[in-house]
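So the structure is just underneath, and the comments pick up after that.
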Amino acid sequence: MPELPEVEALKDFLTEHLVGHEIVRVLPVAISVLKTYDPPLAAVEGQEVVAVHRHGKFLDLETAGGPHLVIHLARAGWLHWKDRLPDGPPRPGKGPLALRVALETGAGFDLTEAGTQKRLAVYVVREPREVPGVARLGPDPLADDFDERRLAGLLADERRQLKGALRDQSLIAGVGNAYSDEILHAAKMSPFKRAASLTPQETARLYAALRGTLMEAVERSRGVAAGRLKSEKKSGLRVHGRTGEPCPVCGDTIREVSFSDSSLQYCPTCQTGGRPLADRRLSRLLK
């Protein structure tokens with residue numbers, strides 16, 4: 001799933017390629033992708049894009065006439081930029097293409113979604129907060145006012161484990177499965193440590209890891225073409241998706257805990273005092 005750094009890079013890429021241009025056509029291929037009907041999808045046609053924003057993992061294309069085209073790529077969605085779109089409308093079918101946006105220049109982009117779980121979402125709204133997922137977002141961890149005290153306040157009464165807390169978009173916006181693994185590895189903390197149990201020193205360490213990991217990933221992705229962002233993300237990950245490989249910090253073997261629809265990776269030496277985590281849904285440290 002694209003997370004904050006990749007969506008931030010897509011925002012920068014689209015700002016460069018969309019702002020000042022007119023959307024002449026928006027063509028839905030998969031009906032399931034469109035989540036709103038008022039304003040209609042056609043409301044953005046004939047409109048100039050004046051800005052591109054990011055809200056957590058959501059992309060927001062603001063038009064001069066008012067409507068916003070808001071996109072959430074979900075787990076298996078992606079944006080493919082084309083300097084020249086194919087002639088003729090796309091054909092509905094069983095392929096991954098979900099929606100096409102065409103500009104007056106002949107350029108534009110396709111939204112695609114792999115797999116059978118169709119969660120990619122497109123909204124046409126008057127204000128971004130009309131999108132339920134945007135309205136419930138917590139603070140952005142890269143915002144200027146997101147300081148250590150803010151993080152401490154968010155975690156003070158949080159009874160969940162750190163892994164789940166970091167992934168909750170209503171608590172902190174933009175962090176998903178991959179970067180929560182990376183943040184906790186950088187902070188040298190177990191993914192199953194209770195969030196409310198952090199000492200002031202541990203909170204400071206988590207804050208530094210949170211900001212540092214995300215800022216490093218944003219800088220690494222900056223200027224990368226949209227089509228290469230997935231591979232760029234994977235190349236920069238230290239533990240996530242690297243089960244069985246040596247930890248780049250200590251050399252211990254990276255381990256995994258699997259759940260029904262996801263998994264996490266961690267280093268026992270760096271994060272759990274050398275003890276492996278039980279690989280079951282309600283895991284806790286093995287004694």
Side-chain angles (χ1 to χ4, degrees), residues 1-6 56-57 74-76 115 117 119 138 141 148 151-217 230 233-287:
M1 175 185 289
E3 299 179 36
L4 186 156
E6 295 78 51
K57 302 178 191 177
R75 175 173 291 185
Q117 294 184 344
R119 297 177 179 175
E148 189 179 316
L151 177 62
L154 292 171
L155 299 180
D157 298 318
E158 183 54 67
R159 296 182 178 275
R160 287 174 296 178
Q161 298 161 334
L162 280 173
K163 173 73 176 180
L166 287 174
R167 292 186 63 187
D168 183 350
Q169 300 303 292
S170 64
L171 190 72
I172 299 172
V175 178
N177 196 32
Y179 285 108
S180 57
D181 283 352
E182 297 298 300
I183 290 163
L184 291 169
H185 179 255
K188 298 186 182 298
M189 292 181 183
S190 168
F192 298 128
K193 184 177 181 65
R194 296 292 174 183
S197 72
L198 266 61
T199 65
Q201 294 76 17
E202 289 173 328
T203 301
R205 200 163 79 234
L206 181 62
Y207 175 79
L210 173 64
R211 295 269 291 197
T213 298
L214 294 177
M215 291 177 70
E216 179 183 330
K230 283 186 178 181
K233 174 183 180 178
K234 185 175 181 180
S235 70
L237 298 176
R238 294 187 173 192
V239 292
H240 184 79
R242 300 193 180 278
T243 303
E245 298 181 21
C247 170
V249 174
C250 71
D252 194 2
T253 301
I254 295 169
R255 299 199 182 209
E256 176 176 310
V257 175
S258 298
F259 304 104
S260 60
D261 61 349
S262 65
S263 63
L264 67 83
Q265 286 78 41
Y266 70 99
C267 169
T269 294
C270 290
Q271 296 175 251
T272 61
R275 294 174 292 177
L277 296 170
D279 191 3
R280 60 182 184 270
R281 177 169 289 276
L282 298 178
S283 297
R284 57 176 128 184
L285 287 172
L286 290 174
K287 296 181 179 180

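On a predicted model such as this, the values are computed, not experimentally measured, just so you know. Quick note: numbers below take in every heavy atom, side chains included, and nothing from hydrogens, waters or symmetry partners.
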Please answer whether the main-chain N or O of [Y] pairs with a side-chain N or O of [X] as donor and acceptor at a distance below 3.5 Å.
X	Y	value
Ser262	Phe259	no
Glu158	Ala195	no
Gln169	Val175	yes

*Lys57 versus Pro2, closest heavy-atom pair with distance*: CD-O, 3.8 Å

_Over all atoms of both residues, closest heavy-atom pair of Ala173 and Gly56_ = CB-CA, 3.9 Å

[X]: which residues meet the salt bridge (charged side-chain N to carboxylate O under 4.0 Å, His left out) condition with it, sequence neighbours left out?
X	value
Glu3	Lys233
Arg242	Glu245
Glu216	Arg220
Arg205	none

In the structure I gave you, are the side-chain heavy atoms of [X] and [Y] within less than 4.5 Å of one another anywhere?
X	Y	value
Val257	Ser263	no
Pro5	Leu214	yes
Pro268	Arg275	no
Leu264	Phe192	yes
Tyr179	Leu237	yes
Pro191	Gln161	no
Cys247	Arg238	no

Just how far is it from atom [atom1] of [X] to atom [atom2] of [Y], taken to the nearest 0.5 Å?
X	Y	atom1	atom2	value
Leu151	Leu166	CG	CG	8.0 Å
Cys267	Leu184	SG	CG	12.5 Å
Glu256	Gln265	CD	CD	4.5 Å
Ile183	Thr213	CD1	OG1	5.5 Å
Ile254	Thr243	CD1	OG1	7.5 Å

*Could you check Leu277 against Tyr266 for side chain to side chain contact (heavy atoms under 4.5 Å, CB included), going step by step and ending with a plain yes or no?*
CA-CA 9 Å; Leu277 296 170; Tyr266 70 99; 3.5 Å; yes

_Pair listing, salt bridge (Lys or Arg N to Asp or Glu O under 4.0 Å) test, anchored in residues 164-178, at least two apart_ =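 Every pair satisfying salt bridge (Lys or Arg N to Asp or Glu O under 4.0 Å) with a residue in residues 164-178: Arg160-Asp168.
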
_With salt bridge (Lys or Arg N to Asp or Glu O under 4.0 Å) as the rule and sequence neighbours excluded, what pairs involving residues 171-197 come up?_
Lys163-Asp181, Lys193-Glu202

_CA sep, side-chain torsions, deciding dist, call: Leu155, Tyr207, side chain to side chain contact (heavy atoms under 4.5 Å, CB included)_ = CA-CA 11 Å; Leu155 299 180; Tyr207 175 79; over 6 Å; no

*Using the side chain to side chain contact (heavy atoms under 4.5 Å, CB included) rule, take Leu206 and Leu162 through it: C-alpha gap first, then chi angles, then the decisive distance, then the call.*
CA-CA 10 Å; Leu206 181 62; Leu162 280 173; 3.9 Å; yes

*Audit row: Gln271, Met189, side chain to side chain contact (heavy atoms under 4.5 Å, CB included) steps and yes/no*: CA-CA 5 Å; Gln271 296 175 251; Met189 292 181 183; 5.8 Å; no

